**Q** 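Sharing a structure with you now.
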Amino acid sequence: MKKELFLSALTAAMLASCASSDDGLQAPDAGQTQPVAETRTPVGFDAYTGRSVTRAGQAGDIAIAQLQKTKALGGGFGVFAYYTDLKKYDQTYVPNFMYNQGVFYNGEDGSGTLDVWEYKPVMYWPNEYGSNAQSDDEDKVTFFAYAPYVETGSAAAGSIKDGLDPTWGITGFSRNTTAGDPLVKYIASFDPAKSVDLCWGVVASSEANAWNLIQTGSAQTGFTAGKPWLDVERPQDVTQRLKFTFKHALAQLNVQVDADVDVTDHDDGVNEGTLTAAETKVYVRSVSFTGLAMQGSLNLNNSTADQALWLDYSGTTDLPYGQSVTINDGRRDGREGAANADAENELPQGLNPAVVQDTNSTTPGVITTLQNLFSGTALDTPVYVIPTGEAMTVTIVYDVETKNQDLPGYISDGTTHGLSVENRITKAINLSMVSGKKYTLKLHLGMNSVKFDATVSDWDPNANNAEAWLPGNQNP
């Protein structure tokens with residue numbers, strides 16, 4: 001089920017032509033129909049949800065309580081904002097209003113105002129409108145957001161903070177001098193401990209027509225549910241809030257595997273046949289998928305409502321199609337120990353250690369009940385991947401190993417006599433993953449044992465008689 005998080009940006013901050021020590025409202029100037037907020041009224045934020053969301057940068061699902069934690073404990077969310085003066089937003093602008101602005105519940109360390117989202121430095125709404133404005137058009141600010149927050153190392157480089165692992169989760173952003181939509185760079189992992197979610201903010205359908213303007217009190221039109229807040233004009237009053245609904249940009253994938261021995265129909269929850277553990281084991285060597293990607297850049301300005309817009313990792317083109325992603329940490333693939341052995345699309349780890357052959361052949365391997373194919377021990381532990389929208393195919397390579405001291409060969413440990421047979425199976429799966437959905441894939445390795453039968457033929461009842469006369473003494 002999709003999980004949604006609602007974040008609200010309090011759009012109460014307004015710039016006045018002169019500063020005041022008060023934070024109250026002034027009487028309107030001539031030609032103005034609404035009070036003008038003082039300069040010192042900041043842009044504030046709020047957040048609420050009745051459901052959970054996952055934090056990009058921290059593995060697994062978390063509830064709003066995690067998002068409300070301090071910066072040191074991985075809380076907060078990030079905002080990019082573009083001030084475009086009187087014009088509408090387009091890809092010629094840089095993030096000149098906010099760049100990966102971290103917003104935290106009660107401040108970074110939790111010591112701020114109770115139940116308030118805070119950030120530094122405080123930003124203020126443009127205040128040009130009414131009879132004192134330079135033009136008839138109101139200034140505009142466009143907002144993009146992702147949740148939760150990962151700290152910037154260098155805004156000029158778009159890097160994450162030193163000390164954070166740049167090989168999984170959120171690994172960077174588009175630079176603060178780069179014109180165009182903000183990008184969040186992401187690398188997925190088949191290790192559940194490193195598999196993290198990523199969300200981006202859009203306008204909720206209930207909020208598309210709820211943004212009241214200060215000069216008229218009527219709703220600002222032009223917002224589209226399921227897309228970001230584009231070209232937002234100054235709000236009506238200090239209590240009005242800009243609300244984001246955060247959507248999952250990834251697909252959640254759980255892959256399970258078991259061995260079906262001498263059966264024709266699989267029945268979940270039932271041991272499918274028998275593997276003699278002391279003699280025969282099944283070990284996964286590698287598994288490959290198409291229909292998913294493990295790295296990419298999320299464009300926070302999605303062009304289709306409620307649909308994540310993924311680009312390649314450089315952020316310059318679409319995700320590559322038709323490529324496979326391989327987890328290759330099984331033994332006997334001819335690549336062990338070699339420098340730079342794994343190809344770019346091969347991941348050196350991620351399979352459940354229980355299904356991979358170890359040096360002493362002590363792991364159980366694939367058994368007749370379902371196991372998680374990935375590193376998580378729990379059967380239903382998922383990982384997060386980037387969906388490409390193309391149909392999925394799965395290729396699994398596994399060894400069936402039988403110990404036999406009478407054979408001259410060895411199983412894959414290299415010391416035990418027996419036979420190891422490689423099996424390579426490719427299967428087209430009838431699904432195309434999309435963001436925000438959860439998928440469970442069960443791989444049943446069908447195995448047919450070699451069977452023998454024998455009969456003993458009866459003796460032939462038909463006698464075949466013959467006589468032979470040997471030479472003997474005869475009269476001449």
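When a residue number appears, it is its place in the shown sequence, counting from 1. Here the structure is a predicted model, which is why all the values come from computation and not from measurement.
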**Q** Could you grab the distance from atom CD of E151 to atom OG of S159, nearest 0.5 Å is fine?
**A** 10.5 Å
**Q** State yes or no: are the ring centers of F104 and W117 separated by less than 6.0 Å?
**A**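 No, too far apart.
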**Q** If you look at every heavy atom in Y99 and A155, which pair is closest and at what distance?
**A** CE2-CB, 3.4 Å
**Q** Listed by chain and number, what are the side chain to side chain donor-acceptor pair (under 3.5 Å) partners of S111, not counting sequence neighbours?
**A**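 Residues passing side chain to side chain donor-acceptor pair (under 3.5 Å) with S111: D109.
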**Q** Looking at every heavy atom in both A305 and A225, which two are closest together, and how far apart are they?
**A**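 Between these two residues, the closest heavy atoms are CB-O, 3.4 Å.
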**Q** For a quick check under 3.5 Å, do N254 and Q252 share a side-chain donor-acceptor pair by atom type?
**A**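 Looking only at side-chain atoms, Q252 and N254 do not form any donor-acceptor pair under 3.5 Å.
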**Q** Would you say CG of N301 has more than 12 non-hydrogen atoms from neighbouring residues, nucleotides or ligands within 6.0 angstrom?
**A** yes
**Q** Side-chain contact, heavy-atom cut-off 4.5 Å: V202 with F246?
**A** no
**Q** Please examine the side chains of D258 and I367, heavy atoms only from C-beta on, and report whether any two atoms are closer than 4.5 Å.
**A** no
**Q** If we ignore hydrogens and angles and just use 3.5 Å, is the side chain of N106 paired with the main-chain N or O of V116 as donor and acceptor?
**A** yes
**Q** Set out, in order, the CA-CA distance, both residues' side-chain angles and the distance that settles side-chain contact (heavy atoms from CB on, under 4.5 Å) for D306 and T304, then state yes or no.
**A** CA-CA 6 Å; D306 294 323; T304 302; over 6 Å; no
**Q** So, D312 side chain and T316 main chain: donor-acceptor pair closer than 3.5 Å or not?
**A** yes
**Q** Is the backbone N or O of P166 less than 3.5 Å from a side-chain atom of T171, with the two atoms forming a donor-acceptor pair by type?
**A**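 Checked: no pair found.
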**Q** For a 4.5 angstrom cut-off between non-hydrogen side-chain atoms, does M294 reach V385?
**A** yes
**Q** In terms of side-chain heavy atoms, does S189 have a donor or acceptor partner in D191 at a distance below 3.5 Å?
**A**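 No, no side-chain donor-acceptor contact under 3.5 Å.
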**Q** Does any N or O in the side chain of N302 come within less than 3.5 Å of the main-chain N or O of G226, such that one atom is a donor and the other an acceptor?
**A**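 Pair found, side chain donor or acceptor close to backbone of G226.
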**Q** Quick one: OG on S288 to CD1 on I327, what's the gap to the nearest 0.5 Å?
**A** 8.5 Å
**Q** Could you tell me if T326 and S286 have a donor-acceptor pair between their side chains, going purely by distance under 3.5 Å?
**A**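 The answer is no; no qualifying pair exists.
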**Q** Is there a side-chain contact (heavy atoms from CB on, under 4.5 Å) between N372 and V257 once you walk through the steps?
**A** CA-CA 6 Å; N372 196 327; V257 63; over 6 Å; no
**Q** Whether the side chain of E390 engages the backbone of S432 through a donor-acceptor N/O pair (distance < 3.5 Å, no angle test) should be reported.
**A** no
**Q** Among side-chain atoms of E118 and T113, is any donor-acceptor pair under 3.5 angstrom?
**A**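 Yes, T113 and E118 have a side-chain donor paired with an acceptor closer than 3.5 Å.
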**Q** Working to the nearest 0.5 Å, report the span between CE of M98 and OG1 of T142.
**A**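 One finds 12.5 Å between CE of M98 and OG1 of T142.
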**Q** Is a donor on one side and an acceptor on the other found under 3.5 Å between the side chain of D181 and the backbone of N299?
**A**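 Side chain of D181 to backbone of N299, a donor-acceptor pair under 3.5 Å: no, none is there.
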**Q** Y410: what forms a ring pair (Phe, Tyr, Trp, His ring centres under 6.0 Å) with it, not counting sequence neighbours?
**A**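 Testing Y410 for ring pair (Phe, Tyr, Trp, His ring centres under 6.0 Å), a comparison that skips the adjacent residues, returns H417.
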**Q** Roughly how far apart are R175 CZ and L183 CG, rounded to 0.5 Å?
**A** 12.0 Å
**Q** For the pair K403 and E279, find out whether any cationic side-chain nitrogen is under 4.0 Å from an anionic carboxylate oxygen.
**A**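 Between E279 and K403 there is no salt bridge, as every charged N stays at least 4.0 Å from the carboxylate O atoms.
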**Q** Would the F190 and F374 ring centres measure less than 6.0 Å apart?
**A**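 Yes.
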**Q** With a 3.5 Å cut-off and no angle check, do the side chains of N100 and T152 form a donor-acceptor pair?
**A** yes
**Q** Minimum heavy-atom separation for G365 and Q371, please, with both atom names.
**A** O-OE1, 3.2 Å
**Q** Using every non-hydrogen atom in the two residues, find where Y439 and M433 come nearest and quote the distance to one decimal.
**A**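 That would be OH-CA, 3.4 Å.
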**Q** Go through V282 and V400 one step at a time and tell me if the side-chain contact (heavy atoms from CB on, under 4.5 Å) criterion holds.
**A** CA-CA 5 Å; V282 179; V400 179; 4.3 Å; yes
**Q** Within the 4.5 Å heavy-atom criterion, are E422 and V397 side-chain neighbours or not?
**A**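 Side-chain contact under 4.5 Å: yes.
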**Q** Give me the ring orientation class for F97 and Y83: parallel if the planes are under 30° apart, tilted from 30 to 60°, perpendicular past 60°.
**A**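 The rings of F97 and Y83 sit tilted, inter-plane angle from 30° to 60°.
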**Q** Any side-chain heavy atom of L311 within less than 4.5 Å of one from L319?
**A**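 Side chain of L311 against side chain of L319, heavy atoms only: no contact under 4.5 Å found.
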**Q** Do V284 and V366 come close enough that some side-chain heavy atom pair is under 4.5 Å?
**A**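 Answer yes - side chains close enough.
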**Q** Counting neighbours of CD on Q91 that are heavy atoms of other residues, nucleotides or ligands and sit closer than 6.0 Å, is the number greater than 12?
**A** yes
**Q** If the threshold is 4.0 Å, N to carboxylate O, is there a salt bridge linking K140 and E233?
**A**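 Salt bridge present between K140 and E233.
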**Q** Treating T388 as the side-chain partner and G291 as the backbone partner, does any N or O pair qualify as donor plus acceptor under 3.5 Å?
**A**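 Judged by distance alone, yes, a pair lies under 3.5 Å.
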**Q** Between CD1 of I187 and CD1 of I386, what distance do you get to the nearest 0.5 Å?
**A**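 Reported value, rounded in 0.5 Å steps: 9.0 Å.
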**Q** For L445, which of I396, D260, T368 qualifies under side-chain contact (heavy atoms from CB on, under 4.5 Å)?
**A** I396
**Q** Please tell me if the side chains of V394 and V287 come closer than 4.5 Å, counting only heavy atoms from C-beta onward.
**A** yes
**Q** Holding to ring pair (Phe, Tyr, Trp, His ring centres under 6.0 Å), I want the full list of residues that pass it with Y82, two or more places apart in sequence or in another chain.
**A** Y89, F144
**Q** Using a strict 4.0 Å threshold on nitrogen-to-oxygen distance, state whether K88 and D231 make a salt bridge.
**A**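 A salt bridge is absent here (no side-chain N lies under 4.0 Å from a carboxylate O).
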**Q** Does D318 reach the main-chain N or O of W310 with its side chain, forming a donor-acceptor pair under 3.5 Å?
**A** no
**Q** Any sub-3.5 Å donor-acceptor pair from Q101's side-chain atoms to K120's backbone N or O?
**A**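 Between the backbone of K120 and the side chain of Q101 there is a qualifying donor-acceptor contact (under 3.5 Å).
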**Q** Which heavy atom of T395 sits nearest a heavy atom of R424, and at what distance?
**A** CG2-CG, 4.1 Å
**Q** Kindly determine whether K243 and E207 satisfy salt bridge (charged side-chain N to carboxylate O under 4.0 Å, His left out), including the steps that lead there.
**A** CA-CA 7 Å; K243 301 176 182 178; E207 300 297 325; 3.4 Å; yes
**Q** Calculate, to the nearest 0.5 Å, the distance between atoms CG and CE belonging to L292 and M392 respectively.
**A**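 Separation between the atoms: 5.0 Å.
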**Q** Quick one: does any side-chain atom of T363 pair with a main-chain N or O of V355 as donor and acceptor, under 3.5 Å?
**A** no
**Q** Check whether any side-chain heavy atom of F143 sits under 4.5 Å from a side-chain heavy atom of L242, and report yes or no.
**A**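 Answer yes - side chains close enough.
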**Q** State, to 0.1 Å, how close S435 and A249 come at their nearest heavy-atom pair, and which atoms those are.
**A**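 Heavy atoms of S435 and A249 come nearest at CB-O, 3.4 Å.
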**Q** Please say which of Y186, W200, F173 ends up in a ring pair (Phe, Tyr, Trp, His ring centres under 6.0 Å) with Y146.
**A** F173
**Q** Going through the distances and angles, do T402 and I411 end up as a side-chain contact (heavy atoms from CB on, under 4.5 Å)?
**A** CA-CA 7 Å; T402 304; I411 62 175; over 6 Å; no
